[in-house]
There are 2 protein chains.
Amino acid sequence: MPATSPDFPDRLRAAGLRPTRQRVALARLLFEGGHRHVTAESLHVEVKATRMPVSLATVYNALNQFRDAGLLREVVVAPGRSYFDTNTGHHHHFFVEPDGELHDFPSEKVTIAGLPTPPKGTRLARVDVIVRVRR
Amino acid sequence: MPATSPDFPDRLRAAGLRPTRQRVALARLLFEGGHRHVTAESLHVEVKATRMPVSLATVYNALNQFRDAGLLREVVVAPGRSYFDTNTGHHHHFFVEPDGELHDFPSEKVTIAGLPTPPKGTRLARVDVIVRVRR
DNA sequence: GCAGCATTTAGAATTGTTCTAAACTTCTTG
DNA sequence: CAAGAAGTTTAGAACAATTCTAAATGCTGC
Ligand SMILES: [Mn+2]
Ligand SMILES: [Mn+2]
Ligand SMILES: [Zn+2]
Ligand SMILES: [Zn+2]
């Protein structure tokens, strides 16, 4: 994401994670290009195609750690599986129903007015807008 | 939901479902009071407390059939489990994060402006707003 | 280089959900 | 009001996504 060269070992260290070969390989796939939405399974398939295969357990571990470190955000839109989103900024999603594709759209153009106040004893954490569309 | 007496057998027949003892018992729990958000597991616990115990498979079958018949709507807000919502009208949700509680709020007061147009070849199906709050 | 701690991994375990196939109910029709 | 046909229920097995276990391996700071 920074315009400066993405030194993945350094970025992982900065997030409090040791830059192991596996985590660096996954970080490269996740953060080298533009924003992405992956599932554990889809990322596992991708990384296996690499010279550096990584176990599925490690993919799950890394996704959860990256999320906990704020490098990823977890998106739940359909029963059964989680998506992990490399875009951690404010934005919302189109979800294309039969295929399970997720697309970002910026939250800047969207105005949500008139939201009720949170229930007693709770603080607002985030507002998710999911625009479900069908082919 | 109708002010008229809720004849569950008739309502089930109207939805194209045979009014079996099990479905009537579940419909009573779901539709007799105000709107509810249940999981398969929570509804199973409830119905077991009744004189008419129902297997978990039947709870899942009934929830899926009720949803397919438009009597319920499925809500996915957290990884791992689905909620089923007796409120099938337009509305949105508060999700209380550690406890997993869902609360409705009416969509009438909420204005969402500036939503981008759906991706090429898709039609808008629904817009879900999830307001995530924490204790 | 080594110790010490973190990480990886294969496989087992867990969880939520669906499937299977046999027993049982409901509905239709005579 | 019988059957019979078709739909439903159920226990338990199967599945799919995810997490856990414990042993092997890898990073890091000294
Ligand atoms: Mn998780
Ligand atoms: Mn379902
Ligand atoms: Zn996104
Ligand atoms: Zn609701």
Side-chain angles (χ1 to χ4, degrees), chain A residues 7-29 37-48 50-69 71-72 74-84 100 102, chain B residues 7-29 37-48 50-69 71-72 74-84 100 102:
Chain A
D7 181 330
F8 291 109
D10 280 359
R11 286 180 66 188
L12 289 170
R13 262 184 289 261
L17 297 166
R18 286 195 185 175
T20 64
R21 280 177 283 136
Q22 293 86 340
R23 296 210 272 229
V24 171
L26 294 171
R28 232 188 272 291
L29 290 172
H37 301 95
V38 304
T39 63
E41 199 57 60
S42 79
L43 185 60
H44 187 225
V45 167
E46 263 188 80
V47 80
K48 273 192 298 191
T50 279
R51 279 297 192 306
M52 149 105 266
V54 175
S55 79
L56 183 57
T58 295
V59 173
Y60 274 105
N61 289 341
L63 287 173
N64 286 330
Q65 292 152 351
F66 291 5
R67 177 204 54 214
D68 293 347
L71 302 174
L72 290 178
E74 189 169 359
V75 181
V76 181
V77 282
R81 66 178 358 101
S82 276
Y83 290 80
F84 289 87
L102 265 186
Chain B
D7 181 330
F8 291 110
D10 281 0
R11 285 179 66 188
L12 289 170
R13 261 184 290 259
L17 297 165
R18 286 195 185 177
T20 65
R21 281 176 285 135
Q22 292 86 338
R23 296 210 271 228
V24 171
L26 294 170
R28 233 189 270 293
L29 291 172
H37 302 96
V38 303
T39 62
E41 199 58 58
S42 78
L43 184 60
H44 186 224
V45 167
E46 262 188 81
V47 79
K48 272 193 297 190
T50 278
R51 279 298 191 309
M52 150 105 264
V54 175
S55 79
L56 182 57
T58 296
V59 173
Y60 274 105
N61 288 342
L63 287 172
N64 286 330
Q65 292 152 350
F66 290 4
R67 177 205 54 214
D68 293 348
L71 302 174
L72 290 178
E74 189 169 359
V75 180
V76 181
V77 281
R81 68 182 351 102
S82 276
Y83 290 80
F84 288 87
L102 266 186

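We name chains A, B, ... by the order of the sequence lines, and we start the count at 1 in each one. No experiment lies behind these values; they were computed from the predicted model shown.
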Chi angles and distances behind the side chain to side chain contact (heavy atoms under 4.5 Å, CB included) call for B/L63, B/R67: CA-CA 6 Å; B/L63 287 172; B/R67 177 205 54 214; over 6 Å; no

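- One interatomic measurement links the two molecules: CE of A/M52 to C1' of D/dT25, which rounds to 12 Å at whole-angstrom precision.
- Summarising the geometry, atom CZ belonging to B/R11 is positioned 7.0 Å from atom CG belonging to B/L71; distances are rounded to the nearest 0.5 Å.
- Atom CG in B/D68 sits roughly 15 Å away from atom P in C/dT17 (whole-Å rounding).
- One finds the CD atom of B/E41 at 10.0 Å from the CG atom of B/L43 (value rounded to the nearest 0.5 Å).
- Protein atom CG of B/N61 is 14 Å distant from nucleotide atom C1' of C/dA21, rounded to whole Å.
- If B/R21 and B/L56 are placed on DNA chain C by their nearest nucleotide, the residue sitting closer to the 5' end is B/L56.
- The distance from atom OH of B/Y60 to atom OG1 of B/T39, rounded to the nearest 0.5 Å, is 7.5 Å.
- Here CG of B/L29 is found 9.0 Å from CZ of B/F8. Values are rounded to the nearest 0.5 Å.
- For the pair B/Q22 CD and C/dA23 P, the computed distance is 17 Å after rounding to whole Å.
- The side-chain hydrogen bond (donor to acceptor under 3.5 Å, both in side chains) test applied to A/Q65 returns A/R23, not counting sequence neighbours.
- Overall, the helix from C/dG1-D/dC30 to C/dG30-D/dC1 carries an axis bend of 30° between its ends, with five pairs at each end and the value rounded to 10°.
- A straight line from CG of A/L26 to C1' of C/dT9 spans 14 Å, rounded to a whole angstrom.
- Near DNA chain C, defined here as any heavy-atom distance below 4.0 Å, the residues from residues 13-20 of chain B are B/R13, B/R18, B/P19, listed numerically.
- Listed nucleotides C/dT9, D/dA11, C/dT18 differ in distance to B/N64; the shortest reach to its side chain belongs to C/dT18.
- In this structure, B/P9 reaches neither bases nor backbone, as no heavy-atom distance under 4.0 Å exists between it and the strands shown.
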All N/O contacts under 3.5 Å from nucleotides 15-17 of chain D to the protein, with atom names and distances to one decimal?
residue	atom	partner	partner atom	Å
D/dA17	OP1	A/R81	NH1	2.6
D/dA17	OP1	A/R81	NH2	3.1
D/dA17	O3'	A/G80	O	3.0

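- Side-chain contact between A/V59 and A/Q22 is absent, with no heavy-atom pair separated by less than 4.5 Å.
- Under the side-chain hydrogen bond (donor to acceptor under 3.5 Å, both in side chains) criterion, B/D68 pairs with no residue at all, not counting sequence neighbours.
- Atoms NZ (A/K48) and C1' (C/dA10) sit 14 Å apart, rounded to a whole Å.
- Where A/V54 and B/T39 each meet DNA chain C at their nearest nucleotide, the meeting point lying more 5' is that of A/V54.
- Atoms OG1 and CG, on B/T20 and B/L26 in that order, are 8.0 Å from each other to the nearest 0.5 Å.
- Taking atom CZ of residue A/R23 and atom C1' of nucleotide D/dT28, one finds them 13 Å apart after rounding to whole Å.
- In this structure, CD of B/Q65 is placed 14 Å from C1' of C/dT17, rounded to the nearest angstrom.
- At least one side-chain heavy atom of A/V24 sits under 4.5 Å from a side-chain heavy atom of A/R28.
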Run the side-chain donor-acceptor check on residues 75-84 of chain B: report pairs under 3.5 Å with partners two or more places apart or on a different chain.
residue	atom	partner	partner atom	Å
B/S82	OG	B/E74	OE2	2.6
B/Y83	OH	B/G100	O	2.5

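- The structure places CZ of A/R21 at 11.0 Å from OG1 of A/T58, a figure rounded to the nearest 0.5 Å.
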